[in-house]
> 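Before anything else, here's the structure in question.
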Amino acid sequence: MSSENGAPRDGGDGTDGGAEGAPPEQLALIRETVRRADVPRAKPRTWRGAALAKDLPVARVLVDKGVLHLDRYFDYAVPEEMDADAQPGVRVRVRFGAGRGRVREGRREGGGLIDGYLVERRAESDYAGPLAALAQVVSPEPVLSEELLGLARAVADRYAGSLADVLQLAVPPRSARAERRPSPEPLPAPSAPGAGSWTRYEHGGAFLDALAAGGAPRAVWSALPGPQWSDELARAVAATLASGRGALVVVPDGRAAARVDAALTALLGEGRHALLTADAGPEKRYAQWLAVRRGAVRAVVGTRAAMFAPVRDLGLVAIWDDGDDSHSEQHAPQPHARDVLLLRAALDRCAFLLGGWSCTVEAAQLVESGWARPLVAGREEVRRAAPLVRTVGDEDLARDEAARAARLPTLAWQAVREGLRHGPVLVQVPRRGYVPRMACDRCRAPARCRHCAGPLEARDAGALTCGWCGREEAAWHCPECGGFRLRAQVVGARRTAEELGRAFPAVPVRTSGREHVLDTVPGTPALVVSTPGAEPVAEGGYAAALLLDGWAMLGRPDLRAGEDALRRWIAAGALVRPQGEHGTVVVVAEPTLRPVQALVRWDPVGHAVRELAERAELGFPPVSRMAAVSGTGEAVAEFLGAAQLPQDAEVLGPVPVPPTLPGRPRRPGAPPPGEHWERALVRVPPGSGSALAAALKTAQAARMARGAGEAVRVRIDPPDIG
DNA sequence: AGCACGCCGACT
DNA sequence: GTCGGCGTGCTC
């Protein structure tokens, strides 16, 4: 088939990489140019070269370039010597490049060598032109299964991203050494575990039974406070393994992964599950991933990268604490682990378990829509497991001037002092070092920049500066109530630790925060000061927890502020002993606020349900779907003008994007330092989400293909709206 | 994105 | 006649 081409054949097999001398290359080039001029273009099937595979000589290849207009397959010819290795799913290298390519030694060469995946072997190509040959099969390991490809495509579609970008997240980089190492022999399926503490939940036992029987139940699980959750997750995994299927658990961080890992080891012993986290080096990670792909290991627990783990015959996908923002992938197209697992559950028809101490609006929606069933404990069980929650609100603070000056109200003092008699006391303080944000002293509305609405911060003595645009504010007054006095809204962990240390000189003070995260603390009296998410687990549980500056958390100008605050409070409270053992939580926040009430009643689900109703009314996600389009004003306008948005799409804005300040990290969707960007939100009602994603993807592809100058960033489900 | 192709004007 | 400007379009 290569002969009909008629391209000159002049020695040298001309495979890539050889450093041939210049003269023959130029000769060939000239000859080719001359030929082109006088020979009419008959379309040959392939370019001449080595003999091709006799059976299925065409390889359909996905080139590994994240650019959207290349988001399709390209056909290559399979040389005979690669026939055996060039199976679907393997990594390949191909020549891919511009124009009609260079000609060298009589063989056409596209551009440079780039990586790709062989997706399919076929008898013929539907491409009319001549096919280039595969340059190399990188390894015979079929890393991209049909299931994984289908999942990656679904994720790319959902997020208006390219398949190659998703595959970069889904398939780890190759390590030849890890590939050579044989994976362990698979162990036989274990027998079904007992229900353990699942009996505390109304349908807990039934859920495990369904998993063990090979069923595909879908549940939103409101976990009771306390340390049992990791064992409960492990039992769900074990029940799935008992049915002969695989299971996947995604958790927000390495600490949580380690807990589930330990629980699985306790329940199943070694060798039945893999731990996939960022901690391991690339080679070890790839080896683990391969063991999963090869079916040697049937269960996986890991952080968000594990959401794509190629578990064989998947029976259960589970996610813990889906409200944690580390479940959002940082790289394009920024998929969320919850949504990826939802797609997997749908594609693989497997069981789905979303669990947490708290409840997101998205989780509530899964229940509300009837897609998942609630897995909850009765009120009696909740009361038995949860600590007593007390609030310190404005009125208390007003009556308590002295304590307020010291930032610790009397009730809080008492709770800490009492708690320290019985064990460790957790003090949760918001992040952010010493830089205090400011709020109106009278009505507590956050103080905002009048130019860009960014948060005002007190940098150094007295001077107020905007945290977004850096402008100074000389004459602030509150636009809500007309007040003129400001107060510090957030004080960092270190200062609080110092204050408390002085107040209780006999007690050790430990801090856990971004830099030094403590895993556990002993059950002896100590003050443990921590930022949200970094709380160590206390042996035997904390005697008390003090949640400071609660209204500061609620003051964030974010749709999720309430849900987030509640989630963090509940996460701290879940580490405290039950109220039957005198476990107490004191939250310094207005008791009339909805999240505070939900904390007092320990009712995160009720909170999420009410939030969901409100979002539906306002047309906010997740009830409607949104996408953010950002870039220069001109580029955004042009993009939106060209995009064929669905009929029911609604464009909000554009509004200016806060600039990236020099020296601060640039977040995706933020302008390069010094540039002025705008952001428009596009909103569609339920049901039009995929149409919106498709339209944005098409528009973006067209834009890139045109080589349009200024970049436009598209993000589905932007996390920071409102 | 690259990168080659091609059509047009200046120079040998 | 030939070299090389950049505008356009393709990449199996």
Side-chain angles (χ1 to χ4, degrees), chain A residues 1-2 4-5 7 14-16 25-26 28-50 52-53 56-79 82 86 88 90-104 107-138 161-165 168 332-333 631 635 639 642 672 697-714:
Chain A
M1 46 187 65
S2 48
E4 56 217 44
N5 165 10
T15 36
D16 48 280
E25 184 176 343
Q26 276 175 7
L29 216 157
I30 292 160
R31 241 183 343 226
E32 176 70 2
T33 315
V34 171
R35 282 199 53 80
R36 284 246 177 80
D38 52 326
V39 170
R41 289 267 180 87
K43 289 290 188 183
R45 296 270 337 276
T46 52
W47 292 89
R48 79 176 37 249
L52 298 185
L56 305 177
V58 175
R60 191 145 272 193
V61 170
L62 175 78
V63 295
D64 194 8
K65 267 191 150 192
V67 228
L68 271 181
H69 54 283
L70 295 180
D71 205 23
R72 58 203 167 97
Y73 300 134
F74 291 87
D75 286 347
Y76 285 82
V78 181
M82 297 183 195
V90 300
R91 303 181 206 251
V92 293
R93 311 199 79 199
V94 293
R95 294 234 167 247
F96 189 83
R100 234 139 287 174
R102 289 180 299 272
V103 170
R104 173 183 207 185
R107 293 189 46 160
R108 179 176 169 283
E109 289 182 358
L113 277 177
I114 68 168
D115 294 321
Y117 298 93
L118 199 164
V119 161
E120 192 191 349
R121 286 282 296 267
R122 330 181 87 216
E124 323 190 296
S125 170
D126 41 24
Y127 178 64
L131 298 185
L134 295 176
Q136 187 193 350
V137 173
V138 176
S162 75
L163 194 50
D165 274 349
Q168 205 139 50
F639 179 89
K697 189 166 168 169
T698 308
Q700 185 74 303
R703 192 178 168 78
M704 301 299 281
R706 231 178 323 122
E710 288 156 352
V712 167
R713 297 199 66 119
V714 172

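Letters A, B, ... are given to chains in the order of the sequence lines, protein chains preceding strands, and every chain is numbered from 1. Not measured: the values here are computed from a predicted model.
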> Once you round it to whole Å, what is the distance between P of C:dC12 and CG of A:Leu134?
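Rounded to whole Å, this separation is 12 Å.
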> Could you list the residues that satisfy side chain to side chain contact (heavy atoms under 4.5 Å, CB included) with A:Asp115, not counting sequence neighbours?
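With neighbours one apart ignored, the set is A:Asp64, A:Arg93.
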> Over all heavy atoms of both residues, which pair between A:Arg121 and A:Ala86 is shortest? Give the atoms and the distance, please.
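That would be NH1-O, 2.8 Å.
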> Tell me: OH of A:Tyr76 to P of C:dT11, nearest whole Å?
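So the OH-P distance, A:Tyr76 to C:dT11, works out to 10 Å.
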> What verdict does the side chain to side chain contact (heavy atoms under 4.5 Å, CB included) test give for A:Val58 and A:Tyr127, after you've listed the backbone C-alpha separation in whole Å, the side-chain angles of each residue and the deciding distance to 0.1 Å?
CA-CA 11 Å; A:Val58 175; A:Tyr127 178 64; over 6 Å; no
> Could you check how far CG of A:Leu113 sits from C1' of C:dC12, rounded to whole Å?
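So the two atoms are 15 Å apart, to the nearest Å.
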> Stacking between C:dC12 and A:Phe74, yes or no? Criterion: centroid separation under 5.5 angstrom, plane angle under 30 degrees.
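By the stated criterion, A:Phe74 and C:dC12 do not stack.
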> How long is the line joining CZ of A:Arg60 and C1' of C:dT11, in whole Å?
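Answer to the nearest Å: 16 Å.
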> I need the OH-C1' distance between A:Tyr73 and C:dC12, as an integer number of Å.
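Result: 14 Å.
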> Between A:Tyr117 (OH) and C:dC12 (C1'), how many Å, whole number?
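In whole Å, C:dC12 C1' and A:Tyr117 OH are 19 Å from each other.
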> Over how many whole Å does the gap from A:Ile114 atom CD1 to B:dG2 atom P extend?
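Going from A:Ile114 (CD1) to B:dG2 (P), I get 12 Å.
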> List in chain and number order the residues that pass side chain to side chain contact (heavy atoms under 4.5 Å, CB included) with A:Ala635, two or more places apart in sequence or in another chain; answer none if no residue qualifies.
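For A:Ala635, the residues satisfying side chain to side chain contact (heavy atoms under 4.5 Å, CB included) (neighbours in sequence not counted) are A:Thr632, A:Arg703, A:Glu710, A:Val712.
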> Measure from CG on A:Asp64 to P on C:dT11 and round the result to the nearest Å.
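A:Asp64 atom CG is separated from C:dT11 atom P by 20 Å.
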